[in-house]
Amino acid sequence: MDADADANAPALRLAQDPEADELLSRSGLAALTGMLLDQQVPMEWAFKGPATIAQRMGTDDLDAHEIAARDPEAFAALLSEKPAVHRYPGSMAKRIQQLCQYLVEHYDGDAEGVWRDVDSGTELLKRLQELPGFGKQKAQIFLALLGKQLGVTPKGWREAAGAYGEAAAYRSVADITGPESLAKVRAHKQEMKAAAKGGGGSK
């Protein structure tokens, strides 16, 4: 068992906040929304976002139909309230609504329909990449998160997730189960940044 693991803890521990992590663990839409927000801000800030949005909407979960139908300006204002849900709350509000509108149109608003009963890792990656705001890297990281922590393991899922699907790796949010693994992932990202700046970095 991972050193971070706790039998009583939520399945996901990405926000490092019990209430936010509990929502991520039981709501596919919350997990997708947190993944969408995970750019240009600290990971914990991004994954706490879904719980903050739900709280401001006066509910204990996110509803794709309700978010998709919200007035765009009102929804952007909701994300912009202090503390803001993201560094760029207006543009992220638009992306979240686009994601929810897509889910309503293609999956009747059921986020988990994206991965429920999927036959292969290749098909799952294709479905994730079709989601608004999900490029290949984000889709692979989320696929790895599904496989490593949420029990969604269609045939070939590790291969479809690429390097993010590797066991015992500390590359992304898919590998974070608590403070210890969070520190390891942060260290890996710093190494990657240093290597990119230095044209490969020191060995």
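Computed over heavy atoms, backbone and side chain alike; hydrogens, waters and symmetry mates excluded.
Atom CD of Gln101 and atom NZ of Lys94 lie 10.5 Å apart (nearest 0.5 Å). Here NZ of Lys138 is found 13.0 Å from CD of Gln140. Values are rounded to the nearest 0.5 Å. Interatomic distance, CD1 of Ile53 versus OG1 of Thr33, reported as 6.0 Å (0.5 Å rounding). To the nearest 0.5 Å, atoms CZ (Arg70) and CD1 (Ile96) are separated by 12.5 Å. Distance check: Leu128 CG to Lys136 NZ gives 13.0 Å after rounding to the nearest 0.5 Å. Summarising the geometry, atom NZ belonging to Lys48 is positioned 12.5 Å from atom CE belonging to Met43; distances are rounded to the nearest 0.5 Å.
Between Ala111 and Gly28, the closest heavy-atom pair is CB-C, 3.7 Å. Leu23 and Ala30 get closest at one heavy-atom pair: CG-CB, 3.7 Å. Pairing each heavy atom of Glu44 with each of Leu182, the nearest pair is OE2-CD2, 3.6 Å. The two atoms that bring Leu125 and Ala139 nearest to each other are CD1-CB, 3.8 Å, heavy atoms only. Smallest separation of non-hydrogen atoms from Pro50 and Leu24: CG-CD2, 4.1 Å. The two residues Pro132 and Leu36 have their closest heavy-atom pair at O-CD1, 3.8 Å.
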Do Met35 and Phe47 pass the side chain to side chain contact (heavy atoms under 4.5 Å, CB included) test, and can you show the C-alpha distance, the side-chain angles, and the key distance before you say yes or no? CA-CA 7 Å; Met35 190 73 230; Phe47 281 95; 4.2 Å; yes

Please test Arg95 against Leu99 for side chain to side chain contact (heavy atoms under 4.5 Å, CB included), starting from the C-alpha separation and ending with a verdict. CA-CA 6 Å; Arg95 289 189 182 195; Leu99 172 65; over 6 Å; no

Just do the side chain to side chain contact (heavy atoms under 4.5 Å, CB included) check on Arg26 and Asp60 with the steps written out, would you? CA-CA 11 Å; Arg26 66 179 164 83; Asp60 62 357; 4.1 Å; yes

Please evaluate residues Val114 and Leu103 with respect to the criterion side chain to side chain contact (heavy atoms under 4.5 Å, CB included), reporting the C-alpha separation (whole Å), side-chain torsions for both, the decisive distance (0.1 Å), and the verdict. CA-CA 8 Å; Val114 176; Leu103 291 171; 3.7 Å; yes

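No side-chain heavy atom of Cys100 sits under 4.5 Å from any side-chain heavy atom of Leu62. Two residues are said to be in side-chain contact when any heavy atoms from C-beta on lie closer than 4.5 Å; Gln39 and Arg87 fail this criterion. By the 4.5 Å heavy-atom criterion applied to side chains, Ile67 and Met57 are counted as neighbours. Here the side chains of Val185 and Val173 are not in contact, with every heavy-atom distance at 4.5 Å or above. Contact annotation: the side chain of Trp115 never approaches that of Glu123 to less than 4.5 Å [non-hydrogen atoms, C-beta and beyond]. Considering only heavy atoms from C-beta on, Leu145 comes within 4.5 Å of Leu12 through its side chain. Between Thr153 and Leu146 there is no side-chain heavy-atom pair separated by less than 4.5 Å. Contact of the Tyr102 side chain with the Glu130 side chain is registered, since non-hydrogen atoms from C-beta on lie closer than 4.5 Å.
In this structure, Phe142 and Phe134 have perpendicular ring planes: the angle between them is above 60°, well past the 30° mark.
The existence of a salt bridge linking Asp21 and Arg13 is excluded, since no basic side-chain nitrogen approaches an acidic carboxylate oxygen closer than 4.0 Å. Note on Glu166 versus Arg158: no salt bridge recorded, every NZ/NE/NH1/NH2 to OD/OE distance being 4.0 Å or above. For the pair Asp175 and Lys148, the salt-bridge criterion is met [side-chain N within less than 4.0 Å of a carboxylate O]. Electrostatic pairing of Arg116 and Asp110 counts as a salt bridge here, judged by a charged N lying under 4.0 Å from a carboxylate O.
Other residues, nucleotides and ligands contribute over 12 non-hydrogen atoms within 6.0 Å of the CG atom of Asp71. A 6.0 Å sphere centred on CZ of Arg127 holds more than 12 heavy atoms belonging to other residues, nucleotides or ligands. Other residues, nucleotides and ligands contribute over 12 non-hydrogen atoms within 6.0 Å of the CD atom of Glu66.
Placement of Leu131 and Val104 in two distinct hydrophobic clusters is found when ILVMFWY residues are connected by side-chain heavy-atom separations under 4.5 Å, directly or transitively. Under the 4.5 Å side-chain heavy-atom criterion for grouping Ile, Leu, Val, Met, Phe, Trp and Tyr, Leu37 is not connected to Tyr88 through any hydrophobic cluster. Under the 4.5 Å side-chain heavy-atom criterion for Ile, Leu, Val, Met, Phe, Trp and Tyr, Val85 and Val41 are members of distinct hydrophobic clusters.
For the pair His188 (side chain) and Arg171 (backbone), a donor-acceptor distance under 3.5 Å is absent. Within the 3.5 Å criterion, the main-chain N or O of Ala11 finds a donor-acceptor partner in the side chain of Ser25.
Gln137 and Tyr164 form a side-chain donor-acceptor contact under 3.5 Å, judged by distance and modelled atom types alone.
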